[in-house]
There are 2 protein chains.
Amino acid sequence: MAQKALLKSSYHHGDLETALVKAAISLVRKYGADHLSLRAVSAEVGVSPSAAYHYFQDKDSLVSAVGEFLFDQLGEKQELAISKVRSTGAKGARERFEAMGDAYFKWALSEPNLYRLIFGGFCELPDSHNDSKAWQLLEKGLDDLVQAGLITSANRVGGEVLVWSAVHGASSLVIEGLMPKESFPIVIKGVQRSLGMK
Amino acid sequence: MAQKALLKSSYHHGDLETALVKAAISLVRKYGADHLSLRAVSAEVGVSPSAAYHYFQDKDSLVSAVGEFLFDQLGEKQELAISKVRSTGAKGARERFEAMGDAYFKWALSEPNLYRLIFGGFCELPDSHNDSKAWQLLEKGLDDLVQAGLITSANRVGGEVLVWSAVHGASSLVIEGLMPKESFPIVIKGVQRSLGMK
DNA sequence: TCAAATATCTATACAGTGTTCAGATTATGC
DNA sequence: GCATAATCTGAACACTGTATAGATATTTGA
């Protein structure tokens with residue numbers, strides 16, 4: 001009776017809430033956030049459409065839960081990429097900074113439908129997004145650049161908004177076919193120039 | 001019989017195609033591109049739902065037509081803003097450049113639902129977007145900066161992608177509530193630094 | 001001028017959608 | 001073990017995109 005998560009009775013699902021979120025992700029990935037059907041999500045999990053309403057107020061609420069999940073996942077991808085950098089000192093700070101941007105861009109390009117869900121107005125992200133892993137990594141990355149002597153603390157001011165704007169903007173425009181993906185390194189170079197880097 | 005556009009018979013509409021596009025814009029403006037209903041668009045025009053299928057293959061096709069229309073409109077807003085600058089010489093070049101960005105940002109903030117339709121994957125913009133007014137204005141603006149001696153032609157390289165990425169990214173992030181709108185001037189300053197401007 | 005041909009729109013129908021609500025089923029606490 | 005609570009189902013409602021057949025208006029050609 002303690003292992004309710006393992007026992008899968010036909011009626012009670014165990015953890016329907018996260019199962020719905022994961023199924024929704026799988027469908028959005030394939031068909032896009034518009035074209036997502038709550039009924040299809042329920043069917044994927046093997047549950048009746050009404051069941052979802054025990055965990056989510058409506059369809060938009062499920063989509064928002066998906067958005068939060070994915071926003072965290074994006075931060076984790078960046079963290080993973082950063083952790084793989086083996087260099088130390090100034091070289092390490094630069095490589096970690098670039099790895100962060102590359103991971104962001106790479107994720108956006110490989111999962112355009114998920115990326116659009118997060119940043120296309122489909123979900124309401126929490127107001128406390130400044131506590132998110134992605135944002136904190138960005139702050140830390142900039143701090144590291146200052147500490148390594150690669151940028152001045154004067155140029156660091158407002159660095160978060162500039163970097164995020166450029167990287168997000170480039171990712172979005174490439175996804176929508178308005179910019180070739182080869183432009184991304186140019187954008188990164190431009191950001192570094194604007195930070196007075198090196 | 002020559003003035004069919006003026007005569008509004010009950011059966012034939014005159015210019016249903018553009019009427020549908022305009023009605024769709026009006027509805028997207030209010031309720032967002034998701035939540036747009038072809039039936040509601042038809043009802044707004046006072047026509048049966050099937051009538052739309054004489055001008056558009058399907059709903060997505062109508063949305064794409066809306067996207068093209070709005071993309072042009074955005075360019076026209078920028079052109080208007082530029083034309084209002086009265087200064088000449090280097091001062092004029094700088095003010096026109098900034099007016100272009102401000103107009104873009106202002107439009108995005110005042111019409112978030114329309115902005116999302118264009119850049120959120122709802123419509124397929126034509127491959128020839130490099131012929132668009134918005135893009136050509138951007139190129140011309142950068143050329144003017146070079147000609148006015150405000151940036152070097154070396155720094156001009158890749159300027160389009162950098163500027164557009166930053167301005168679009170900032171607009172998008174502000175719209176989605178991920179960045180305060182006060183950050184926009186900071187982004188502009190950063191872009192100018194990356195161009196080595198002034 | 002007047003029928004034939006064409007363009008334009010309507011009516012109806014179908015499968016699928018989000019959502020609600022009463023009730024069936026399973027788990028939990030005493 | 002039984003009442004209670006948590007969880008899920010089934011049926012229903014109004015709505016959606018879309019296909020098809022037919023009605024209506026306009027244009028064409030003689």
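Every chain is numbered from 1 and lettered A, B, ... according to where its sequence line falls, protein lines coming before strand lines.
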Subject >> Side-chain-base donor-acceptor pair under 3.5 Å for A:S50 and C:dT20 >> reply: yes
Subject >> Within residues 24-39 of chain B: residues closer than 4.0 Å to DNA chain C (heavy atoms) >> reply: B:R39
**OP:** Using heavy atoms and a sub-4.0 Å distance, could you list which residues of residues 58-65 of chain A are near DNA chain C? By number, please.
**Re:** A:D58, A:K59
Subject >> B:H54, nearest nucleotide to its side chain (from C:dC9, D:dT9, D:dT18) >> reply: C:dC9
Subject >> Listed nucleotide nearest any side-chain atom of A:Y55, set C:dT19, C:dT10, D:dC8 >> reply: D:dC8
Subject >> Residues in side chain to side chain contact (heavy atoms under 4.5 Å, CB included) contact with A:K133, at least two apart in sequence or another chain >> reply: A:E76, A:E79, A:L137
In whole angstrom, what separates [X]'s [atom1] from [N]'s [atom2]?
X     : N      : atom1 : atom2 : result
A:L16 : D:dT9  : CG    : C1'   : 13 Å
A:F56 : D:dC8  : CZ    : C1'   : 15 Å
A:Q57 : C:dT20 : CD    : C1'   : 13 Å
B:E17 : C:dA7  : CD    : C1'   : 14 Å

**OP:** Answer yes if the ring centres of A:Y115 and A:H168 are under 6.0 angstrom apart, and no otherwise.
**Re:** yes
What donor-acceptor contacts under 3.5 angstrom involve side-chain atoms of residues 121-129 of chain A, with partners at least two apart or in another chain?
{"unit_1": "A:H129", "atom_1": "ND1", "unit_2": "A:D127", "atom_2": "O", "d": "3.3"}
{"unit_1": "A:H129", "atom_1": "NE2", "unit_2": "B:L178", "atom_2": "O", "d": "3.0"}

**OP:** Tell me, please, which residues at least two apart from B:K189 pass salt bridge (charged side-chain N to carboxylate O under 4.0 Å, His left out).
**Re:** none
Original post:
Taking only residues two or more places apart in sequence or in another chain, which ones pass salt bridge (charged side-chain N to carboxylate O under 4.0 Å, His left out) with A:K106?
Top reply: none
Original post:
More 5' along DNA chain D: B:A40 or A:P49, using each one's nearest nucleotide?
Top reply: A:P49
**OP:** Indicate whether the side chain of A:T18 and that of A:D15 have a donor and an acceptor atom separated by less than 3.5 Å.
**Re:** yes
**OP:** Calculate, to the nearest 0.5 Å, the distance between atoms CD1 and CD belonging to B:I188 and B:E98 respectively.
**Re:** 7.5 Å
Original post:
When rounded to the nearest 0.5 angstrom, what distance separates CG in B:L20 from OG in B:S42?
Top reply: 6.0 Å
**OP:** May I ask you to say whether B:E176 pairs ionically with B:R116, meaning some side-chain N is under 4.0 Å from a carboxylate O?
**Re:** yes
